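Written below as structure tokens is the structure these notes are about.
As a basis for the values below, the full set of heavy atoms in this structure was taken, side chains included, without hydrogen atoms, waters or symmetry mates. This structure is a prediction, so every number in the text was calculated from the model and none was measured. To find a chain, count down the sequence lines: A is the first, B the second, and so on, and within it residues start at 1.
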Protein chains: 2
Amino acid sequence: MRNVAKKQQEPKTAASSASRPYRIEEQVGYLLRRAHQRASAIFQVSIGDPNITPTQYSSMVKLNEYSELSQNLLGRLVGMDKATMQGVVRRLKDRRLVDSRPDPGDARRTLLSLTTDGQRTVNKLLMNGPAVSRETLKPLSGPEQRQLLELLSKIV
Amino acid sequence: MRNVAKKQQEPKTAASSASRPYRIEEQVGYLLRRAHQRASAIFQVSIGDPNITPTQYSSMVKLNEYSELSQNLLGRLVGMDKATMQGVVRRLKDRRLVDSRPDPGDARRTLLSLTTDGQRTVNKLLMNGPAVSRETLKPLSGPEQRQLLELLSKIV
DNA sequence: GCCATATCGTTCGTGTACGCACGATGGCCA
DNA sequence: TGGCCATCGTGCGTACACGAACGATATGGC
């Protein structure tokens with residue numbers, strides 16, 4: 001990795017008005033993107049099933065808590081757009097982990113539930129869930145871990 | 001929003017062995033996904049140009065600091081896979097915000113730089129950058145904001 | 001009962017994100 | 001000098017993410 005591209009003398013940022021310079025690496029949005037990237041990578045190798053993604057996992061965990069949920073409500077519970085939810089649910093249904101039936105009381109809705117196979121799968125993954133979080137938080141001390149979770153909760 | 005779907009009596013998580021229950025809403029990965037979602041939404045409405053995405057923005061900011069960078073090196077600086085970088089750069093080049101030329105010293109590389117239009121655009125966006133971060137961190141107190149940035153830096 | 005309004009799920013388009021495989025090129029060392 | 005291995009950029013496949021528009025259905029106010 002030679003040729004490290006020499007830095008310019010002064011980043012002329014137009015917004016560093018006598019205060020601290022604006023560094024992209026210090027901005028929340030940037031840090032959240034990077035942190036999320038790392039968390040996803042750890043999830044993928046530690047959850048125990050390379051075919052399950054983080055969003056699929058949270059959807060299945062929620063469906064395990066509630067027996068049946070409409071697609072939109074599930075999306076609200078796990079923080080996913082209905083368009084995004086559509087794709088997630090389709091993939092889970094293709095793999096026979098989730099089943100659906102029309103809501104008898106509301107013809108607009110579809111009720112989702114885990115199949116037997118889906119329940120078996122979530123319960124297996126749930127055993128690895130804590131380890132995934134532990135690994136992601138490993139660089140932090142115990143109090144720091146709790147602090148981070150609390151701060152993230154506040155800005156979500 | 002009636003029909004809130006009744007909760008089951010006990011979430012039988014298989015992993016809540018006498019310790020605290022496993023709640024998906026308390027896991028780092030989940031919180032990071034939600035926080036990143038919110039940060040992206042705030043960016044989109046506050047950066048001042050709805051056609052610029054967060055990743056495009058950080059790429060342009062880095063290209064503004066360094067005069068010229070190869071595509072791979074830029075990707076490493078802003079934390080993006082080379083396959084992801086490819087798409088980002090293509091879109092910026094399509095809009096004439098970024099230009100490229102072959103590296104005279106290494107035929108494998110392409111050197112990227114901002115066009116005049118690109119420089120004008122970044123400098124305009126950089127004026128809004130601090131406001132985006134401020135808005136994202138608004139739910140937190142001053143010390144909490146600094147703590148969050150520090151903790152995120154540690155786990156990236 | 002009727003109609004304006006809202007919700008539900010789908011589809012389309014665009015943009016990140018990354019693994020994998022590929023061909024071209026470069027660096028290093030036997 | 002030749003060959004091995006790394007790096008660079010590209011292309012493909014898959015998956016999240018969301019705005020916008022759509023048709024079907026439900027609800028509340030009149």
Sugar-phosphate, base or nothing in reach of B/Ser70, heavy atoms under 4.0 Å: sugar-phosphate

Nearest-nucleotide pick for A/Thr110, side chain only, options being C/dG9, D/dG11, D/dA6: C/dG9

Under 4.0 angstrom between A/Gln86 side-chain N/O and C/dT10 OP1 or OP2: yes

d(CG, A/Leu69; C1', C/dG9) in whole Å: 15 Å

Contact under 4.0 Å: B/Arg108 side-chain N or O vs C/dA24 OP1/OP2: no

Distance in angstrom units between B/Leu111 CG and C/dT25 P, rounded: 16 Å

Inter-residue atom distance B/Ser59.OG - B/Met80.CE, 0.5 Å rounding: 3.5 Å

B/Ala107 vs A/Lys93, nearer the 5' end of DNA chain C by closest nucleotide: A/Lys93

Spacing of CZ belonging to A/Arg76 relative to CG belonging to A/Leu69, to within rounding of 0.5 Å: 10.0 Å

Spacing between A/Gln71 atom CD and D/dA17 atom P, to the nearest angstrom: 15 Å

Residues B/Glu68 and B/Arg101 bridged, charged N to O under 4.0 Å: yes

Nucleotide D/dG19, atom C1' - distance to CE of A/Met85 in whole Å: 18 Å

Measure all distances between protein nitrogen or oxygen atoms and nitrogen or oxygen atoms of nucleotides 14-17 of chain C, and list the pairs falling under 3.5 Å.
from: C/dT16; atom 1: OP1; to: B/Thr53; atom 2: OG1; distance (Å): 2.2
from: C/dT16; atom 1: OP1; to: B/Thr55; atom 2: OG1; distance (Å): 2.7
from: C/dT16; atom 1: OP2; to: B/Gln56; atom 2: NE2; distance (Å): 3.3
from: C/dT16; atom 1: OP2; to: B/Arg91; atom 2: NE; distance (Å): 2.7
from: C/dT16; atom 1: OP2; to: B/Arg91; atom 2: NH2; distance (Å): 2.8
from: C/dA17; atom 1: OP2; to: A/Arg33; atom 2: NH1; distance (Å): 3.4

Rounded distance (Å) that lies between atom C1' of D/dC16 and atom NZ of A/Lys82: 18 Å

B/Lys62 bridged to A/Glu25 by N-O distance under 4.0 Å: yes

Listed partners of B/Phe43 passing ring-ring contact (aromatic ring centres under 6.0 Å, His included), at least two apart: B/Tyr57

Value rounded to 0.5 Å, distance of OG in B/Ser46 from CD in B/Glu135: 5.5 Å

Any B/Arg76 side-chain N or O less than 4.0 Å from OP1/OP2 of D/dT7: no

Whole-Å distance separating the CG atom of B/Asp106 from the C1' atom of D/dC8: 8 Å

Any side-chain heavy-atom pair of B/Leu77 and B/Ser58 under 4.5 Å: no

B/Asn72 CG to C/dG26 P, straight-line distance once rounded to whole Å: 15 Å

